[in-house]
Amino acid sequence: MDNKKTLFSGVQPSGRFNIAGYIGAVSQWVKMQEKYNCIFSIVDYHAITIKQDPQVLKRQIKEVAKIYLAAGIDPKKSIIFQQSAISAHTELTWILNCYGVRMSDLNKMTQFKDKAGKNQESASVGLFDYPVLMAADILLYNTNLVPVGEDQKQHVELARDIAKRINFQFGDLFVVPQAIIKEEGARIMSLLNPKNKMSKSDTNQNNSIALLDDIDLAKKKIMKAVTDSGSEIVYDKEEKPAIANLLTIYAQLGNREIPRLVKDYQGKGYSDFKKDLAEVVAKFLSDFQTKYNKISDKEVEDVLNEGAKRAEKLAKYKLDEIKNAIGVK
Ligand code: AMP
Ligand code: TRP
């Protein structure tokens, strides 16, 4: 082994992968591949905490893998694998359920409250336990760094707490992981309501732009995006949340600096700004989809098989160490 730090992250194969997940998470992964030992998972067991159509799920698992590759994750440098292929993830989840987590920890999780809504009593136990599976994903690989969007910060904090508690009981069994959250773009907001985050589970497709959206449709969505009162293009999250969000998307997908954009749009109105942003989004999607369309199903299959082999070795070694520490092996 080299002495590079280990980095782990994942995306659920649920809903349609949108520009928010790309900006908040995947785009920063690509740059980290040189510096760290990177492991990227397609977390299908997280996806089934919400009902999924089996055929759609199968397709979306491949889709996320292709999106990783099209975004620039290189299977020669990084491990790319499907979570359910490695049973150590669910085994460790059980162990953490018994040793490191309390009901009161999970009762605090805001994502559970958001997703379960008013029907917490009828939500699945899996949805409640979701953060523990995520902690298992992270802790199984001695992960140092976890690059995610802002919404996952609380889950990474829980993984840290679990690691510390178990280390206290059993010695230094786990590496205590740390979240990496971008300063800009960690929370992309909905196009029609900048108070809500852009989300894959949103039923109104006009709130978000999927990476595989038809390009003309994506342009229309930008033109229809809400703006704030007034007419100036300024970056002010409190007073002008809609424009601040559009500026962030522009900067992130167009490789520009926000202060520079604000300068360039001085004296121009929302309509000019949105027209240009629509072009930036169109160019980004078109380049992305060109790469995506070149990746064959066979290539994805090979990458996932190879990734599972590499992940399994690491996971098995760690799980044995943990089983030994708690006395079942
Ligand atoms: P998910 O699609 O829910 O599995 O999320 C994949 C990654 O994208 C995670 O790291 C999330 O934190 C991140 N993410 C999801 N929604 C957003 C958003 N609206 N803005 C920024 N990052 C996000
Ligand atoms: N829960 C994360 C999300 O929805 C996905 C995820 C699962 C993850 N396991 C992980 C992210 C481990 C980072 C590390 O976005």
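Read the numbers this way: they start at 1 and go in the same order the structure lists the ligands and their atoms. Note that these values count all heavy atoms, side chains included, but never hydrogens, waters or copies made by symmetry. Numbering of residues begins at 1 and proceeds along the displayed sequence. Since we're looking at a predicted model, the values are computed, not measured.
Lys200 forms a cation-pi arrangement with Phe17, by the criterion of a distance under 6.0 Å to the ring centre and an angle within 45° of the ring axis.
In terms of polar-atom proximity, defined here as any N/O pair under 3.5 Å, Gln111 makes no such contact with ligand 2. Residue contacts with ligand 2: Gln152 is placed with a nitrogen or oxygen under 3.5 Å of a nitrogen or oxygen of the ligand (distance criterion only). Between Gly149 and ligand 1, at least one pair of N/O atoms sits closer than 3.5 Å.
Among all protein heavy atoms, the one lying closest to atom 6 (C) of ligand 1 is Val11 CG2, 3.7 Å. Among all protein heavy atoms, the one lying closest to atom 9 (N) of ligand 2 is Asp137 OD2, 2.6 Å. The protein heavy-atom contact nearest to atom 11 (C) of ligand 2 is Gly10 N, 3.5 Å. Given atom 8 (O) of ligand 1, the protein heavy atom at minimum distance is Gly21 CA, 3.4 Å. Looking only at heavy atoms of the protein, atom 20 (N) of ligand 1 is closest to Ile188 N, 2.8 Å. For atom 16 (N) of ligand 1, the nearest non-hydrogen atom of the protein is Met198 O, 3.8 Å. Remark: minimum distance from atom 12 (O) of ligand 1 to any protein heavy atom is reached at Asp151 OD1, 2.4 Å. Of all protein heavy atoms, the one lying nearest to atom 1 (P) of ligand 1 is Lys200 NZ, 3.7 Å. Scanning all protein heavy atoms for the shortest distance to atom 7 (C) of ligand 1 gives Ala25 CB, 3.6 Å.
Sorted by first and then second residue, the pairs that involve residues 166-222 and meet ring pair (Phe, Tyr, Trp, His ring centres under 6.0 Å), not counting sequence neighbours, are Tyr99-Phe170.
Every atom of ligand 1 is numbered from 1 in the order shown, and the set under 4.0 Å from a heavy atom of Ala186 is 20 (N), 21 (C), 22 (N). Contact atoms of ligand 1 toward Gly24: 21 (C), 22 (N) (distance under 4.0 Å to a heavy atom of the residue). For ligand 1 and Arg187, the ligand atoms under 4.0 Å from any heavy atom of the residue are 20 (N), 21 (C).
Shown here, atom 10 (O) of ligand 1 is in close reach of the protein: a heavy atom of it lies under 4.0 Å off.
Using a 3.5 Å distance cut-off with no hydrogens or angles, the side chains of Ser27 and Lys182 do pair a donor with an acceptor. Remark: the Arg16 side chain and the Gln205 side chain contain an N/O donor-acceptor pair separated by less than 3.5 Å. Defined by atom type and a distance below 3.5 Å, a donor-acceptor pair is missing between the side-chain atoms of Tyr270 and Tyr265. Side-chain contact, Tyr317 with Glu312: no donor N or O sits under 3.5 Å from an acceptor N or O. For the residue pair Asn207 and Asn193, no side-chain donor N or O sits within less than 3.5 Å of a side-chain acceptor on the partner. In summary, the side chains of Gln83 and Ser41 do not present any donor paired with an acceptor at a separation below 3.5 Å, with no hydrogens or angles considered.
Relative orientation of the His89 and Phe8 rings is tilted, given thresholds of 30° and 60° on the angle between their planes.
Outside the 6.0 Å centre-distance limit, the rings of Phe112 and His155 are not counted as a close aromatic pair.
The neighbour count for Lys62 NZ, taken as heavy atoms of other residues, nucleotides or ligands under 6.0 Å away, does not exceed 12.
With a 4.0 Å heavy-atom cut-off, ligand 1 is reached by the backbone of Gln12 and by its side chain too.
By the 4.0 Å heavy-atom criterion, Ile23 is excluded from the residues contacting ligand 1.
The shortest distance between side-chain heavy atoms of Asn37 and Leu7 does not fall below 4.5 Å.
Of the candidates Gly185, Ser208, Ala20, Gly10, the one placing a heavy atom closest to atom 17 (C) of ligand 1 is Ala20.
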